[in-house]
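Written below as C-alpha cells is the structure these notes are about.
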Amino acid sequence: MDELKNWAFSLCCAAAAGSLLSLLAPESSLGKVCRFAIRVFFLCCMILPLRQLGSFLHVLPELQADAAFSAQGVVDVVTSQVENSVAASIEQEVARCLEEEGINFKKVNVDVHVDKDGGISINCIRVLLPPGSGEGSPDGLPDNSEIIGIIKAKTGANVELAAENGGGTP
C-alpha cells in the first residue's frame, strides 16, 4: 500500500514539474521537442510500476501451485480425520454388538476408505478373539461362522476373525 502512495506522490510531482517546464518552454520548434520530452517522461513515470508488476506475474503461477498444494494437504487431513472417526464409530458399534451377544473379544479393527467424491466404504472389519473362543464351545457361545453372521448382519461389511495365539489354548 505504501508503494502505491509513493507512486501516486511521484506522479503528482512529475505532473507539476512537467506542467511548469511546459509553460516555460518557448513556442518554437525547440519548445515542441521540450514538451514532447516532458510528456514522454510523464508517461514513463506512469508505466514504471507496471514493469515491477511483470515480475509479480512471473511469481503468480508459483503462488497458485503453492495454494493448490496447500489445499490438497487440507483435503488429505480432512479425509484422514473422517476415516479415523468413521472407523472408531464402527469399532464401538461392533464391540457393543459383540458384548450384547456375550462374545469375548480382544480387539476390533475397521478398515475404512473415503473416495475423492466423499463416499465412505468399509473394506473390512477384523475381530481378534481370545484363544479358544469361536470354536463352538460347550457353553453355548457362537462359533466363528455365527460371529461373522452377526457382524455382517449389523454392518453389511466383510468380516475377518483371528484368534490370539492362532486359536490354541494359552
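Treat the numbers as computed from the prediction; the structure is a model and nothing was measured. One-based numbering along the sequence shown.
Leu21 and Leu43 fall into different hydrophobic clusters, where Ile, Leu, Val, Met, Phe, Trp and Tyr are joined by side-chain heavy atoms under 4.5 Å apart, directly or via other members. Phe105 and Leu128 are members of different hydrophobic clusters when ILVMFWY side chains are connected at heavy-atom separations under 4.5 Å. Residues Ile90 and Val82 share a single hydrophobic cluster, defined by chaining ILVMFWY side chains whose heavy atoms lie under 4.5 Å apart.
Remark: Glu27 CD is loosely packed, at most 12 non-hydrogen atoms of other residues, nucleotides or ligands lying under 6.0 Å away.
In this structure, NZ in Lys152 is found 12.5 Å from OG in Ser145, a value given to the nearest 0.5 Å. Atoms CZ and OG, on Phe42 and Ser19 in that order, are 9.5 Å from each other to the nearest 0.5 Å. Between Glu83 atom CD and His113 atom NE2 the span is 7.0 Å, to the nearest 0.5 Å. Within the model, atoms CD1 of Ile151 and CD of Glu146 stand 12.5 Å from one another, a figure rounded to the nearest 0.5 Å. The distance from atom NZ of Lys32 to atom CG of Leu30, rounded to the nearest 0.5 Å, is 11.5 Å. In this structure, CG on Leu23 lies 9.5 Å from CZ on Arg35, to the nearest 0.5 angstrom.
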With side chain to side chain contact (heavy atoms under 4.5 Å, CB included) as the test, would you mind laying out the steps for Gln92 and Val108 before giving the verdict? CA-CA 8 Å; Gln92 289 176 352; Val108 176; over 6 Å; no
For a side chain to side chain contact (heavy atoms under 4.5 Å, CB included) check, start with the C-alpha distance between Leu129 and Ile147, then their side-chain angles and the critical distance, and finish with the verdict. CA-CA 10 Å; Leu129 302 172; Ile147 294 172; 4.1 Å; yes
Checking Asn109 against Glu91 for the side chain to side chain contact (heavy atoms under 4.5 Å, CB included) test, could you report, in this order, the C-alpha distance in whole Å, the side-chain angles of both residues, the deciding distance, and whether it holds? CA-CA 6 Å; Asn109 187 5; Glu91 287 170 2; 3.6 Å; yes
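Arg96 has no carboxylate O lying under 4.0 Å from a charged side-chain N of Glu99, or vice versa, which leaves the two without a salt bridge.
Scored by the side-chain hydrogen bond (donor to acceptor under 3.5 Å, both in side chains) test, Glu160 finds Arg126 as partners (sequence neighbours excluded).
Under the 4.5 Å side-chain criterion, counting only non-hydrogen atoms from C-beta, Lys154 is not in contact with Val94. Side chains of Asp111 and Ile122 form no contact here, defined as non-hydrogen atoms less than 4.5 Å apart.
The main-chain N or O of Asp76 is never found under 3.5 Å from a side-chain atom of Ser80 such that the two would form a donor-acceptor pair. With Ser89 contributing its side chain and Ser85 its backbone, the two residues share no donor-acceptor pair below 3.5 Å.
Each of Ile125, Asn84, Ile120, Asn123 was evaluated against Val112; a single residue qualifies, Ile120, per the side chain to side chain contact (heavy atoms under 4.5 Å, CB included) test.
Shortest non-hydrogen contact noted between Gly18 and Ile38 is CA-CG2, 3.4 Å.
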